There are 2 protein chains.
Amino acid sequence: MARFKGQAEYSVDAKGRVAIPAKMRSALNPDAQGTFTLTKGFEKCIYAYPQDQWKIKEDEFSSLNLNNRNARHLVRMILMWAEEVSLDGQGRISLPKSLSDYAGIGEKALIIGAMDRIEIWDQAAFEDYLNEQTIDQESLAEQVMGS
Amino acid sequence: MARFKGQAEYSVDAKGRVAIPAKMRSALNPDAQGTFTLTKGFEKCIYAYPQDQWKIKEDEFSSLNLNNRNARHLVRMILMWAEEVSLDGQGRISLPKSLSDYAGIGEKALIIGAMDRIEIWDQAAFEDYLNEQTIDQESLAEQVMGS
DNA sequence: GGAATTCTCCCCACTTTTCCCCACATAACC
DNA sequence: GGTTATGTGGGGAAAAGTGGGGAGAATTCC
């Protein structure tokens, strides 16, 4: 499994393209064939799953009980925003308008590696997100990971 | 497991490179392949985990439930600052700008061995840290390690 | 239905950064 | 005292990031 980490601030050009950092590209599983599935993040950002990881997600969805109304809704919401994109010769992807609007992405994007996915944030939106977090990292670590 | 100890004061060159003390290099597990993952320390310093140690950390993260908002935030905060670096032919690593800014690293860095990781401090910042510590080492030992 | 326009994708070119290698100085060791 | 290992500095090749032009497909408009 590809494990992404690190951050980078890259510019979004007039055509809506962003480069994926070389370090993350090299962490990609060859199976992913330079293809990502983009979708809405839970926070105000875009999630980019490499193709091989997305397959696993899809399997999870199909294993849900779709007789349950909430499950149906969740899957619908996730899939309706999902879009497949590929790296161009320069290692960039182009962001679909609907998603970049949702994340409020302007001229500068923040690319963050987060384990099995890459997150794409607008720089200012990410700062807002940080300011919203009231709990400090030390207490959080204690709470989430145990003592 | 590699166990680092000792300290050394090394200079940071114009390209942001610092040497890792030969003693610590030789304490490295061959599995680490001369590669470290650097990340933000809780104090104002950089943590450097050898690759084999970092793998263990990552396994912990991936076992967390990422449907939980706090867990997502924690993983994001930790991983976004994580960066992989390798020793060059001269036994140096180059410090990413984001991390050396955070730790306030100038021309002189203090390298400290701390069990499973190496800590990289700015010399002046470390002195400040020492001055902030009000409790003396003896009482601290008593408090932390028991009688 | 055909022409014009827009959009998408692929390719080329330039700039900056990164990485690798070589060279020297100092210190440790035999 | 000579030799080896360690720390420091810098030059140059290669890769990464950025921007833009142009062919082809899709869409719109008349």
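It should be emphasised that the depicted structure is a prediction, and the values quoted were computed from it without experimental measurement. Chain letters run A, B, ... following the sequence lines, proteins first and then strands; every chain starts at 1.
- As rounded to whole Å, 17 Å separates atom P of dG11(D) from atom CG of D88(B).
- Considering only residues two or more places apart in sequence or on other chains, K40(B) meets the side-chain contact (heavy atoms from CB on, under 4.5 Å) condition with W81(B), L99(B), Y102(B).
- Ring-plane geometry between W54(A) and Y49(A) is classed as tilted, the angle between the planes lying from 30 to 60 degrees on a 0 to 90 degree scale.
- Residues meeting the ring-ring contact (aromatic ring centres under 6.0 Å, His included) test with F61(B), sequence neighbours left out: none.
- Comparing atom distances between the Q90(B) side chain and each of dT6(D), dC21(C), dA16(D) picks out dC21(C) as nearest.
- With sequence neighbours left out, Y129(A) forms a ring-ring contact (aromatic ring centres under 6.0 Å, His included) with W121(A), F126(A), H73(B).
- The distance from atom CZ of R92(B) to atom C1' of dT6(D) is 11 Å, rounded to the nearest whole Å.
- For the side-chain contact (heavy atoms from CB on, under 4.5 Å) test, residues two or more places apart in sequence or in another chain that qualify with A124(B) are D122(B).
- Under the side-chain contact (heavy atoms from CB on, under 4.5 Å) criterion, E107(A) pairs with no residue at all, not counting sequence neighbours.
- Among the nucleotides dT8(D), dT6(D), dC11(C), the one closest to the side chain of A22(B) is dT6(D).
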What are the atom names and distances for every N/O pair under 3.5 Å that joins the protein to nucleotides 4-9 of chain C?
from, atom 1, to, atom 2, distance (Å)
dC9(C), N4, K15(A), NZ, 3.4

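- In this structure, R25(B) places its CZ atom 7 Å from C1' of dT6(D), rounding to the nearest Å.
- Taking the side-chain hydrogen bond (donor to acceptor under 3.5 Å, both in side chains) definition, one finds that E9(B) meets it with Q123(B), sequence neighbours left out.
- If you measure from atom CD1 of I93(B) to atom P of dC20(C), you get 14 Å, rounded to the nearest angstrom.
- Following rounding to the nearest Å, I20(A) (CD1) and dT18(D) (P) show an atom-to-atom distance of 12 Å.
- Looking at heavy-atom distances under 4.0 Å, D13(B) makes contact with sugar-phosphate atoms alone, never a base.
- Applying the side-chain hydrogen bond (donor to acceptor under 3.5 Å, both in side chains) rule to Q33(A) yields no partners; only residues at least two apart in sequence or on another chain are considered.
- Between S86(A) and dC10(C), a side-chain N or O to OP1/OP2 separation shorter than 4.0 Å is absent.
- In this structure S94(B) satisfies the side-chain hydrogen bond (donor to acceptor under 3.5 Å, both in side chains) test with no other residue, sequence neighbours excluded.
- Near DNA chain C, meaning a heavy atom under 4.0 Å from it, residues 112-123 of chain A has no residue at all.
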Could you list, one pair per line, each protein nitrogen or oxygen that sits under 3.5 Å from a nitrogen or oxygen of nucleotides 15-18 of chain C, together with the distance?
none

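- Within the 4.5 Å cutoff, the side chain of I46(B) has heavy atoms near those of the I105(B) side chain.
- Scanning for side-chain contact (heavy atoms from CB on, under 4.5 Å) contacts around K15(B) gives D13(B), R17(B), with sequence neighbours left out.
- A straight line from CD of E107(B) to P of dT8(D) spans 12 Å, rounded to a whole angstrom.
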